[in-house]
2 protein chains.
Amino acid sequence: MDSPRSPGRPRSSVDAEIFAATLRTVHELGYTRATVDRIASAAGVAKTTIYRRWPSKGELIAACLSDAVGPLPASTGDPREAMATAIRWGAAKIGQPGIGAAFAGVFTDAVSDAALREVLVTQFQDPYRIALQDILGLPEKRVLFIVDVVIGTLLHRMGISGEPMVDDDVDTLIDLLGPLVA
Amino acid sequence: MDSPRSPGRPRSSVDAEIFAATLRTVHELGYTRATVDRIASAAGVAKTTIYRRWPSKGELIAACLSDAVGPLPASTGDPREAMATAIRWGAAKIGQPGIGAAFAGVFTDAVSDAALREVLVTQFQDPYRIALQDILGLPEKRVLFIVDVVIGTLLHRMGISGEPMVDDDVDTLIDLLGPLVA
DNA sequence: CGGTATCGATACCAGCGGTAGCGAAATGTG
DNA sequence: CACATTTCGCTACCGCTGGTATCGATACCG
(Lines give C-alpha, C1' and ligand atoms only; values in the text may rest on other atoms or scores of the structure.)
Protein backbone atom coordinates (compact mmCIF):
# COMPACT_ATOMS: atom_id res chain seq x y z
CA MET A 1 0.00 0.00 0.00
CA ASP A 2 2.83 2.36 0.85
CA SER A 3 5.56 2.96 -1.74
CA PRO A 4 5.24 -0.25 -3.75
CA ARG A 5 7.73 1.16 -6.24
CA SER A 6 10.39 3.81 -5.89
CA PRO A 7 13.15 3.84 -8.43
CA GLY A 8 15.47 6.80 -8.32
CA ARG A 9 16.46 9.15 -5.56
CA PRO A 10 13.76 9.50 -2.93
CA ARG A 11 12.38 12.88 -2.03
CA SER A 12 14.03 14.48 0.92
CA SER A 13 11.55 14.91 3.75
CA VAL A 14 11.47 18.66 3.87
CA ASP A 15 7.75 19.15 3.46
CA ALA A 16 7.49 20.15 7.10
CA GLU A 17 10.24 22.77 6.74
CA ILE A 18 8.61 24.12 3.61
CA PHE A 19 5.23 24.37 5.31
CA ALA A 20 6.73 26.07 8.34
CA ALA A 21 8.65 28.52 6.16
CA THR A 22 5.50 29.21 4.16
CA LEU A 23 3.43 30.12 7.20
CA ARG A 24 6.26 32.16 8.68
CA THR A 25 6.79 34.12 5.47
CA VAL A 26 3.10 34.76 4.90
CA HIS A 27 2.79 35.89 8.49
CA GLU A 28 5.67 38.32 8.16
CA LEU A 29 5.08 39.70 4.66
CA GLY A 30 1.47 38.95 3.78
CA TYR A 31 0.21 36.70 1.02
CA THR A 32 1.24 38.77 -1.99
CA ARG A 33 4.76 39.56 -0.83
CA ALA A 34 5.35 35.99 0.31
CA THR A 35 6.87 34.99 -3.01
CA VAL A 36 7.82 31.44 -3.81
CA ASP A 37 11.44 32.54 -4.02
CA ARG A 38 11.35 33.89 -0.50
CA ILE A 39 9.54 30.85 0.85
CA ALA A 40 12.07 28.56 -0.79
CA SER A 41 15.07 30.40 0.61
CA ALA A 42 13.41 30.60 4.03
CA ALA A 43 13.03 26.82 3.92
CA GLY A 44 16.61 26.32 2.73
CA VAL A 45 15.34 24.74 -0.47
CA ALA A 46 15.56 25.51 -4.18
CA LYS A 47 12.51 27.00 -5.86
CA THR A 48 12.47 24.14 -8.33
CA THR A 49 12.04 21.70 -5.46
CA ILE A 50 8.84 23.46 -4.46
CA TYR A 51 7.47 23.42 -7.99
CA ARG A 52 8.32 19.74 -8.27
CA ARG A 53 5.96 19.04 -5.36
CA TRP A 54 3.13 21.51 -5.89
CA PRO A 55 1.96 22.83 -9.24
CA SER A 56 1.38 26.44 -8.18
CA LYS A 57 1.76 28.89 -5.35
CA GLY A 58 -1.94 28.63 -4.58
CA GLU A 59 -1.81 24.86 -4.21
CA LEU A 60 1.31 25.08 -2.07
CA ILE A 61 -0.49 27.42 0.31
CA ALA A 62 -3.58 25.23 0.27
CA ALA A 63 -1.54 22.15 1.14
CA CYS A 64 0.25 24.11 3.84
CA LEU A 65 -3.06 25.20 5.33
CA SER A 66 -4.42 21.70 5.14
CA ASP A 67 -1.40 20.47 7.07
CA ALA A 68 -1.56 23.28 9.61
CA VAL A 69 -5.27 23.17 10.33
CA GLY A 70 -5.87 19.44 10.35
CA PRO A 71 -9.16 17.66 10.74
CA LEU A 72 -12.05 18.80 12.86
CA PRO A 73 -11.57 17.34 16.36
CA ALA A 74 -14.15 14.92 17.68
CA SER A 75 -16.81 16.43 19.88
CA THR A 76 -19.62 15.60 22.26
CA GLY A 77 -22.86 14.22 20.94
CA ASP A 78 -24.92 17.29 21.81
CA PRO A 79 -25.25 19.16 18.48
CA ARG A 80 -25.37 22.63 19.96
CA GLU A 81 -22.29 22.13 22.08
CA ALA A 82 -20.54 20.42 19.19
CA MET A 83 -21.14 23.40 16.92
CA ALA A 84 -19.90 25.79 19.57
CA THR A 85 -16.75 23.73 19.96
CA ALA A 86 -16.23 23.61 16.20
CA ILE A 87 -16.62 27.37 15.83
CA ARG A 88 -14.23 28.07 18.68
CA TRP A 89 -11.77 25.64 17.16
CA GLY A 90 -12.02 27.32 13.75
CA ALA A 91 -11.64 30.80 15.21
CA ALA A 92 -8.53 29.72 17.10
CA LYS A 93 -7.04 28.15 13.98
CA ILE A 94 -7.69 31.19 11.79
CA GLY A 95 -6.19 33.37 14.49
CA GLN A 96 -2.87 31.55 14.45
CA PRO A 97 -0.01 33.51 12.86
CA GLY A 98 -0.10 33.32 9.09
CA ILE A 99 -3.13 31.12 8.76
CA GLY A 100 -5.73 33.84 8.44
CA ALA A 101 -3.69 35.79 5.91
CA ALA A 102 -2.85 32.66 3.93
CA PHE A 103 -6.47 31.64 3.87
CA ALA A 104 -7.69 35.02 2.68
CA GLY A 105 -5.03 35.07 -0.02
CA VAL A 106 -5.65 31.62 -1.43
CA PHE A 107 -9.36 32.26 -1.19
CA THR A 108 -9.24 35.32 -3.38
CA ASP A 109 -6.85 33.67 -5.80
CA ALA A 110 -9.49 30.98 -6.11
CA VAL A 111 -12.12 33.50 -7.19
CA SER A 112 -10.24 33.89 -10.48
CA ASP A 113 -9.03 30.29 -10.76
CA ALA A 114 -11.49 27.45 -11.15
CA ALA A 115 -8.86 24.75 -10.63
CA LEU A 116 -7.71 26.22 -7.37
CA ARG A 117 -11.30 26.72 -6.33
CA GLU A 118 -11.97 23.05 -6.78
CA VAL A 119 -8.91 22.16 -4.73
CA LEU A 120 -10.22 24.42 -2.00
CA VAL A 121 -13.63 22.81 -2.06
CA THR A 122 -12.43 19.23 -2.01
CA GLN A 123 -9.63 19.89 0.45
CA PHE A 124 -11.49 22.08 2.94
CA GLN A 125 -15.15 22.64 2.24
CA ASP A 126 -16.09 19.00 1.73
CA PRO A 127 -14.31 17.37 4.69
CA TYR A 128 -15.47 19.91 7.24
CA ARG A 129 -18.96 20.01 5.81
CA ILE A 130 -19.25 16.24 5.93
CA ALA A 131 -17.90 16.07 9.47
CA LEU A 132 -20.34 18.75 10.56
CA GLN A 133 -23.24 17.05 8.82
CA ASP A 134 -22.33 13.92 10.70
CA ILE A 135 -22.22 15.65 14.05
CA LEU A 136 -25.09 18.08 13.66
CA GLY A 137 -27.45 15.88 11.69
CA LEU A 138 -28.45 18.69 9.33
CA PRO A 139 -28.98 18.73 5.57
CA GLU A 140 -26.07 19.71 3.34
CA LYS A 141 -27.41 23.10 2.33
CA ARG A 142 -27.87 24.18 5.91
CA VAL A 143 -24.37 23.09 6.89
CA LEU A 144 -22.94 24.89 3.88
CA PHE A 145 -24.73 28.02 4.99
CA ILE A 146 -23.27 27.71 8.46
CA VAL A 147 -19.79 27.28 7.00
CA ASP A 148 -20.28 30.37 4.85
CA VAL A 149 -21.30 32.43 7.86
CA VAL A 150 -18.55 31.24 10.17
CA ILE A 151 -15.60 31.25 7.77
CA GLY A 152 -16.76 34.37 5.97
CA THR A 153 -17.19 36.32 9.17
CA LEU A 154 -13.87 35.21 10.63
CA LEU A 155 -11.96 35.97 7.43
CA HIS A 156 -13.62 39.35 6.97
CA ARG A 157 -12.77 40.44 10.48
CA MET A 158 -9.25 39.06 10.12
CA GLY A 159 -8.71 40.86 6.82
CA ILE A 160 -10.06 44.23 7.86
CA SER A 161 -8.63 44.55 11.33
CA GLY A 162 -5.59 42.32 10.92
CA GLU A 163 -6.49 40.69 14.22
CA PRO A 164 -8.53 37.58 14.90
CA MET A 165 -11.98 37.87 16.46
CA VAL A 166 -12.18 38.41 20.18
CA ASP A 167 -13.80 35.67 22.25
CA ASP A 168 -16.77 37.87 22.94
CA ASP A 169 -17.65 38.12 19.24
CA VAL A 170 -17.09 34.40 18.76
CA ASP A 171 -19.60 33.78 21.53
CA THR A 172 -22.07 36.11 19.84
CA LEU A 173 -21.60 34.19 16.61
CA ILE A 174 -22.26 30.93 18.42
CA ASP A 175 -25.42 32.27 20.03
CA LEU A 176 -26.55 33.57 16.67
CA LEU A 177 -26.18 30.22 14.95
CA GLY A 178 -27.75 28.29 17.80
CA PRO A 179 -31.27 28.30 16.36
CA LEU A 180 -30.00 26.63 13.20
CA VAL A 181 -29.17 23.40 15.02
CA ALA A 182 -32.14 23.39 17.38
CA MET B 1 -16.58 75.99 -4.58
CA ASP B 2 -16.35 74.13 -7.86
CA SER B 3 -13.26 74.57 -9.97
CA PRO B 4 -12.06 77.93 -8.70
CA ARG B 5 -8.95 77.61 -10.84
CA SER B 6 -8.25 75.47 -13.87
CA PRO B 7 -5.31 76.37 -16.03
CA GLY B 8 -4.38 73.91 -18.70
CA ARG B 9 -6.30 71.26 -20.54
CA PRO B 10 -9.25 69.94 -18.57
CA ARG B 11 -9.63 66.26 -17.88
CA SER B 12 -11.81 64.48 -20.35
CA SER B 13 -14.87 63.10 -18.61
CA VAL B 14 -14.19 59.43 -19.10
CA ASP B 15 -14.42 58.30 -15.50
CA ALA B 16 -17.73 56.63 -16.22
CA GLU B 17 -16.30 54.74 -19.19
CA ILE B 18 -13.29 53.66 -17.10
CA PHE B 19 -15.53 52.44 -14.29
CA ALA B 20 -17.76 50.55 -16.71
CA ALA B 21 -14.77 48.97 -18.44
CA THR B 22 -13.31 48.04 -15.05
CA LEU B 23 -16.42 46.21 -13.90
CA ARG B 24 -16.84 44.56 -17.27
CA THR B 25 -13.24 43.35 -17.37
CA VAL B 26 -13.28 42.08 -13.79
CA HIS B 27 -16.52 40.29 -14.49
CA GLU B 28 -15.11 38.59 -17.57
CA LEU B 29 -11.58 37.78 -16.41
CA GLY B 30 -11.61 37.95 -12.63
CA TYR B 31 -9.70 40.34 -10.43
CA THR B 32 -6.17 39.08 -11.06
CA ARG B 33 -6.43 38.83 -14.83
CA ALA B 34 -8.17 42.18 -15.08
CA THR B 35 -4.91 44.04 -15.62
CA VAL B 36 -4.72 47.79 -15.78
CA ASP B 37 -3.58 47.49 -19.40
CA ARG B 38 -6.68 45.53 -20.31
CA ILE B 39 -9.00 47.86 -18.42
CA ALA B 40 -7.44 50.86 -20.12
CA SER B 41 -7.78 49.41 -23.60
CA ALA B 42 -11.34 48.29 -22.83
CA ALA B 43 -12.14 51.86 -21.85
CA GLY B 44 -10.41 53.27 -24.95
CA VAL B 45 -7.93 55.10 -22.76
CA ALA B 46 -4.18 55.07 -22.20
CA LYS B 47 -2.84 53.34 -19.12
CA THR B 48 -1.11 56.55 -18.07
CA THR B 49 -4.47 58.30 -17.96
CA ILE B 50 -5.67 55.81 -15.38
CA TYR B 51 -2.58 56.23 -13.24
CA ARG B 52 -2.95 60.00 -13.44
CA ARG B 53 -6.35 59.67 -11.75
CA TRP B 54 -5.86 56.81 -9.28
CA PRO B 55 -2.61 55.91 -7.56
CA SER B 56 -2.92 52.13 -7.83
CA LYS B 57 -5.01 49.33 -9.23
CA GLY B 58 -6.51 48.69 -5.81
CA GLU B 59 -7.67 52.27 -5.42
CA LEU B 60 -9.08 52.30 -8.94
CA ILE B 61 -11.17 49.25 -8.13
CA ALA B 62 -12.21 50.74 -4.79
CA ALA B 63 -13.33 53.96 -6.48
CA CYS B 64 -15.15 51.94 -9.13
CA LEU B 65 -16.97 49.96 -6.46
CA SER B 66 -17.82 53.08 -4.53
CA ASP B 67 -19.34 54.52 -7.68
CA ALA B 68 -21.20 51.34 -8.55
CA VAL B 69 -22.60 50.54 -5.13
CA GLY B 70 -23.54 53.99 -3.92
CA PRO B 71 -24.93 54.96 -0.54
CA LEU B 72 -27.25 52.86 1.57
CA PRO B 73 -30.82 53.74 0.56
CA ALA B 74 -33.08 55.29 3.16
CA SER B 75 -35.37 52.90 4.96
CA THR B 76 -38.35 52.67 7.27
CA GLY B 77 -37.99 53.53 10.92
CA ASP B 78 -38.54 49.98 12.16
CA PRO B 79 -35.02 48.71 12.91
CA ARG B 80 -35.71 45.10 12.11
CA GLU B 81 -37.28 45.87 8.76
CA ALA B 82 -34.54 48.39 8.04
CA MET B 83 -31.85 45.81 8.62
CA ALA B 84 -33.63 43.30 6.42
CA THR B 85 -33.86 45.88 3.66
CA ALA B 86 -30.19 46.76 4.02
CA ILE B 87 -29.11 43.13 3.85
CA ARG B 88 -31.22 42.46 0.80
CA TRP B 89 -29.83 45.58 -0.83
CA GLY B 90 -26.25 44.51 -0.08
CA ALA B 91 -26.84 41.00 -1.37
CA ALA B 92 -28.29 42.36 -4.60
CA LYS B 93 -25.34 44.72 -5.07
CA ILE B 94 -22.72 42.06 -4.44
CA GLY B 95 -24.55 39.79 -6.86
CA GLN B 96 -24.28 42.23 -9.73
CA PRO B 97 -21.78 41.23 -12.43
CA GLY B 98 -18.23 42.07 -11.47
CA ILE B 99 -18.98 43.62 -8.12
CA GLY B 100 -18.56 40.53 -5.99
CA ALA B 101 -15.33 39.51 -7.69
CA ALA B 102 -13.95 43.06 -7.53
CA PHE B 103 -14.81 43.29 -3.87
CA ALA B 104 -13.16 40.00 -3.00
CA GLY B 105 -10.05 41.02 -4.93
CA VAL B 106 -9.57 44.44 -3.47
CA PHE B 107 -10.37 43.02 -0.07
CA THR B 108 -7.59 40.49 -0.19
CA ASP B 109 -5.17 42.98 -1.68
CA ALA B 110 -5.92 45.07 1.38
CA VAL B 111 -4.85 42.28 3.71
CA SER B 112 -1.25 42.88 2.57
CA ASP B 113 -1.54 46.64 2.08
CA ALA B 114 -2.23 48.92 5.02
CA ALA B 115 -2.83 51.99 2.85
CA LEU B 116 -5.43 50.24 0.74
CA ARG B 117 -7.00 48.81 3.87
CA GLU B 118 -7.48 52.30 5.25
CA VAL B 119 -9.06 53.43 1.99
CA LEU B 120 -11.44 50.51 2.22
CA VAL B 121 -12.38 51.31 5.80
CA THR B 122 -12.96 55.02 5.24
CA GLN B 123 -14.65 54.53 1.88
CA PHE B 124 -16.93 51.60 2.72
CA GLN B 125 -16.81 50.40 6.29
CA ASP B 126 -17.29 53.78 7.94
CA PRO B 127 -20.14 55.20 5.83
CA TYR B 128 -22.27 52.07 5.94
CA ARG B 129 -21.52 51.47 9.59
CA ILE B 130 -22.51 55.03 10.48
CA ALA B 131 -25.67 54.85 8.42
CA LEU B 132 -26.60 51.57 10.06
CA GLN B 133 -25.85 52.90 13.52
CA ASP B 134 -28.14 55.76 12.74
CA ILE B 135 -30.97 53.52 11.60
CA LEU B 136 -30.60 50.66 14.04
CA GLY B 137 -29.62 52.63 17.12
CA LEU B 138 -26.94 50.14 18.15
CA PRO B 139 -23.42 50.66 19.49
CA GLU B 140 -20.53 50.72 17.03
CA LYS B 141 -19.07 47.35 17.98
CA ARG B 142 -22.36 45.58 17.44
CA VAL B 143 -22.89 47.18 14.04
CA LEU B 144 -19.35 46.29 13.03
CA PHE B 145 -20.07 42.71 13.99
CA ILE B 146 -23.20 42.70 11.84
CA VAL B 147 -21.24 44.11 8.91
CA ASP B 148 -18.61 41.39 9.34
CA VAL B 149 -21.24 38.68 9.30
CA VAL B 150 -23.19 40.00 6.33
CA ILE B 151 -20.34 41.02 4.05
CA GLY B 152 -18.17 38.09 5.06
CA THR B 153 -20.92 35.58 4.40
CA LEU B 154 -21.91 37.09 1.06
CA LEU B 155 -18.32 37.32 -0.16
CA HIS B 156 -17.48 33.80 0.97
CA ARG B 157 -20.44 32.32 -0.84
CA MET B 158 -19.73 34.44 -3.89
CA GLY B 159 -16.08 33.43 -3.97
CA ILE B 160 -16.60 29.71 -3.48
CA SER B 161 -19.61 29.10 -5.67
CA GLY B 162 -19.13 31.95 -8.11
CA GLU B 163 -22.79 32.75 -7.74
CA PRO B 164 -24.51 35.19 -5.41
CA MET B 165 -26.59 33.91 -2.52
CA VAL B 166 -30.09 32.72 -3.23
CA ASP B 167 -32.96 34.64 -1.70
CA ASP B 168 -33.69 31.78 0.63
CA ASP B 169 -30.29 31.99 2.26
CA VAL B 170 -30.50 35.77 2.46
CA ASP B 171 -33.76 35.35 4.36
CA THR B 172 -32.09 32.89 6.70
CA LEU B 173 -29.32 35.40 7.29
CA ILE B 174 -31.86 38.07 8.08
CA ASP B 175 -33.69 35.82 10.54
CA LEU B 176 -30.38 34.93 12.13
CA LEU B 177 -29.40 38.53 12.77
CA GLY B 178 -32.84 39.53 13.97
CA PRO B 179 -32.08 39.02 17.66
CA LEU B 180 -29.22 41.50 17.43
CA VAL B 181 -31.53 44.43 16.78
CA ALA B 182 -34.34 43.37 19.10
C1' DC C 1 27.75 -1.52 -11.74
C1' DG C 2 23.63 0.95 -14.41
C1' DG C 3 18.96 3.07 -14.25
C1' DT C 4 16.17 6.41 -12.34
C1' DA C 5 14.53 10.31 -9.96
C1' DT C 6 15.49 14.16 -6.97
C1' DC C 7 18.62 17.71 -5.53
C1' DG C 8 20.53 22.83 -5.81
C1' DA C 9 21.82 26.24 -8.97
C1' DT C 10 21.35 29.19 -12.76
C1' DA C 11 19.36 31.16 -16.42
C1' DC C 12 15.45 32.41 -18.56
C1' DC C 13 10.54 33.85 -20.04
C1' DA C 14 6.05 36.41 -20.19
C1' DG C 15 3.23 39.14 -17.73
C1' DC C 16 2.31 42.36 -14.15
C1' DG C 17 2.01 47.07 -11.53
C1' DG C 18 3.89 51.33 -11.98
C1' DT C 19 6.96 55.35 -13.90
C1' DA C 20 9.32 58.55 -17.23
C1' DG C 21 9.41 61.20 -21.22
C1' DC C 22 7.74 62.47 -25.51
C1' DG C 23 5.04 65.54 -28.88
C1' DA C 24 0.19 66.76 -29.65
C1' DA C 25 -4.09 68.63 -28.26
C1' DA C 26 -7.05 71.54 -25.24
C1' DT C 27 -8.06 75.10 -22.30
C1' DG C 28 -7.74 80.10 -20.02
C1' DT C 29 -5.33 84.47 -20.32
C1' DG C 30 -3.03 88.55 -22.23
C1' DC D 1 -2.77 85.96 -32.02
C1' DA D 2 0.94 84.00 -28.64
C1' DC D 3 1.66 81.88 -24.27
C1' DA D 4 1.64 79.04 -20.17
C1' DT D 5 -0.39 75.12 -18.30
C1' DT D 6 -2.34 70.73 -18.04
C1' DT D 7 -3.99 66.41 -19.98
C1' DC D 8 -3.91 63.44 -23.78
C1' DG D 9 -2.09 58.95 -26.20
C1' DC D 10 2.01 56.58 -27.04
C1' DT D 11 6.21 54.18 -26.32
C1' DA D 12 9.74 52.65 -23.75
C1' DC D 13 11.26 51.13 -19.62
C1' DC D 14 11.99 49.13 -14.65
C1' DG D 15 11.68 45.62 -10.92
C1' DC D 16 9.39 41.89 -9.45
C1' DT D 17 6.67 37.68 -9.77
C1' DG D 18 4.95 32.98 -11.06
C1' DG D 19 6.57 29.42 -13.58
C1' DT D 20 9.84 26.59 -16.82
C1' DA D 21 14.12 24.54 -18.75
C1' DT D 22 18.49 22.75 -18.20
C1' DC D 23 22.50 21.38 -15.91
C1' DG D 24 25.75 18.31 -13.23
C1' DA D 25 25.65 16.16 -8.76
C1' DT D 26 23.65 12.93 -5.61
C1' DA D 27 20.91 9.23 -3.50
C1' DC D 28 18.55 5.22 -3.90
C1' DC D 29 17.32 0.25 -5.97
C1' DG D 30 18.31 -4.04 -8.26
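Chain identifiers are assigned alphabetically (A, B, ...) following the order of the sequence lines, protein sequences preceding nucleic acid strands; residue numbering begins at 1 within each chain.
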Completion exercise
Sorted by number, residues from residues 44-52 of chain A placing a heavy atom under 4.0 Å from DNA chain D are Lys47(A), Thr48(A), Tyr51(A)
Practice task
Please list, chain by chain and in numerical order, all residues satisfying side-chain contact (heavy atoms from CB on, under 4.5 Å) with Asp78(A), sequence neighbours excluded.
Solution key: Thr76(A), Arg80(A), Glu81(A)
Handout entry: Any pair counted as ring-ring contact (aromatic ring centres under 6.0 Å, His included), so long as it reaches residues 56-80 of chain B, sequence neighbours left out
Key = none
Problem - Any residue meeting salt bridge (charged side-chain N to carboxylate O under 4.0 Å, His left out) with Asp167(A), in chain and number order, not counting sequence neighbours - result: none
Heteroatom pairs (N/O) under 3.5 angstrom, protein to nucleotides 23-26 of chain C:
{"from": "dA25(C)", "atom 1": "N3", "to": "Arg9(B)", "atom 2": "NH1", "distance (Å)": "3.3"}

Exercise for the section: Give the other cluster members for Ile18(A), using side-chain heavy-atom distances under 4.5 Å between Ile, Leu, Val, Met, Phe, Trp and Tyr residues; answer none if it is isolated. Expected result: Val14(A), Phe19(A), Val36(A), Ile39(A), Val45(A), Ile50(A), Tyr51(A), Trp54(A), Leu60(A)
Handout entry: Pairs satisfying ring-ring contact (aromatic ring centres under 6.0 Å, His included), at least one member in residues 135-157 of chain A, at least two apart
Key = His156(A)-Phe107(B)
Problem - Sequence neighbours excluded, every pair satisfying ring-ring contact (aromatic ring centres under 6.0 Å, His included) that has a member inside residues 76-104 of chain B - result: Trp89(B)-Tyr128(B), Phe103(B)-Phe124(B)
Exercise for the section: Kindly state which residues belonging to residues 24-41 of chain B come within less than 4.0 angstrom of DNA chain C, counting heavy atoms of the residue only, listed by number. Expected result: Thr35(B), Val36(B), Arg38(B)
Show me the donor-acceptor pairs, under 3.5 Å and distance only, between side chains in residues 168-182 of chain A and residues at least two apart or in other chains.
{"from": "Asp169(A)", "atom 1": "OD2", "to": "Arg157(A)", "atom 2": "NH1", "distance (Å)": "3.0"}
{"from": "Asp171(A)", "atom 1": "OD1", "to": "Arg88(A)", "atom 2": "NH1", "distance (Å)": "2.7"}
{"from": "Thr172(A)", "atom 1": "OG1", "to": "Asp168(A)", "atom 2": "O", "distance (Å)": "3.0"}

Problem - Interface residues of residues 54-68 of chain A with DNA chain C (non-hydrogen, below 4.0 angstrom) - result: none
Handout entry: Other cluster members, Val111(B) - Ile/Leu/Val/Met/Phe/Trp/Tyr, side-chain contacts below 4.5 Å
Key = none
